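Atoms considered below: every heavy atom in the structure, side chains included; atoms not considered: hydrogens, waters and symmetry mates. Counting starts at 1 for both ligands and their atoms, in listed order. None of the values given here were measured: they were computed from a predicted structure.
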Amino acid sequence: MAIIIDGKKVRDENLAVMKQEVAELNAQGIYPCLCVIIVGSDPASRVYVNNKKKACENIGIISREYAMPEETTTAQLLDLIDTLNADESVSGILCQMPVPKHIDSKAVLERISPAKDVDCFHPFNVGKLVHGENIMRPCTPAGMETLLDYMGVEIEGKTCVIIGRSEIVGKPMSLLMTNRNATVTLCHSKTKNLKEVTSKADILVASVGKPAFVTGDMVKEGAIVLDVGINRDENGKICGDCVFDECAAKASMITPVPGGVGPMTITMLMRNTITAEKARKNIPLNEK
Ligand code: GUN
């Protein structure tokens with residue numbers, strides 16, 4: 001039976017360290033500040049934004065929310081981003097996705113100053129990541145890397161198979177793992193013989209967005225399974241992409257859903273906000 005990786009514990013330990021770090025910055029007159037933009041009234045986005053705000057409050061990061069109506073235009077949103085880019089008191093800017101369909105989301109993400117792009121979605125920051133020269137890391141993949149490090153997993157030389165090539169999770173995770181010298185395979189809906197590929201994985205990342213997609217027979221004996229899925233099963237219960245019991249029976253370590261990768265995403269957002277502020281103030285960074 002696998003060791004269950006406790007994302008809440010790792011989150012709490014990381015946040016405690018960051019709380020201390022923020023207090024030390026405050027003592028030097030430096031106040032990390034995260035601005036979160038939310039457009040419209042998507043209930044899931046509202047929950048995410050509230051949770052981001054709570055995490056900021058918990059560790060002493062100033063949080064500012066910009067709630068804009070559904071009918072906001074792209075131009076109005078770009079204007080707000082320009083103002084926040086130019087605001088010296090702002091460390092990080094995040095526009096909660098998805099935005100309403102009439103808004104040009106690509107233009108929005110590309111307008112955020114790369115120095116304040118705490119999501120790491122800007123093409124400049126993605127390019128930095130490709131070159132291994134990034135100072136911030138995309139939040140969900142960074143959360144998984146942090147979990148692996150916390151559990152003492154040697155990443156170098158491991159076979160890492162990722163299912164799902166999203167811009168937010170799969171693709172950037174392939175870069176983080178490549179930069180740590182893993183041998184990476186990025187699978188997607190057109191992958192042939194998926195089971196054959198996943199069965200080779202020392203580290204298996206499930207980021208498909210479909211419940212019960214990864215079954216026990218897809219997992220190598222002793223593998224580490226990271227489940228990014230947040231789905232609802234037929235009973236409305238939150239579940240991941242993996243059939244937990246089957247995968248846990250094969251794996252050496254596995255993340256549960258909820259309580260695994262999920263809690264790490266906001267933790268890494270807090271880390272990026274502190275990093276963005278330190279970088280702007282030319283303070284040495286003690287984390288990648
Ligand atoms: N919507 C869902 N996840 C995310 C995220 O990590 N960042 C932003 N900006 N929007 C999201």
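Side chain of K158 to backbone of E154: a donor-acceptor contact under 3.5 angstrom is found.
Using modelled atom types and a 3.5 Å distance limit, the side chains of S91 and T273 yield no donor-acceptor pair. Checking R64 against Y66 by side-chain atom types alone, a donor-acceptor pair falls below 3.5 Å.
A salt bridge is defined here as a Lys NZ or Arg NE, NH1 or NH2 lying under 4.0 Å from an Asp or Glu carboxylate O, and E246 with K250 fails to meet this definition. A salt bridge links E21 with R271: the distance from a Lys NZ or Arg NE/NH1/NH2 to an Asp or Glu carboxylate oxygen falls below 4.0 Å.
A distance limit of 4.0 angstrom between heavy atoms and ligand 1 selects the residues L94, C95, Q96, M97, D119, F121.
Using a 4.5 Å heavy-atom threshold, the side chains of I266 and Y48 count as separate.
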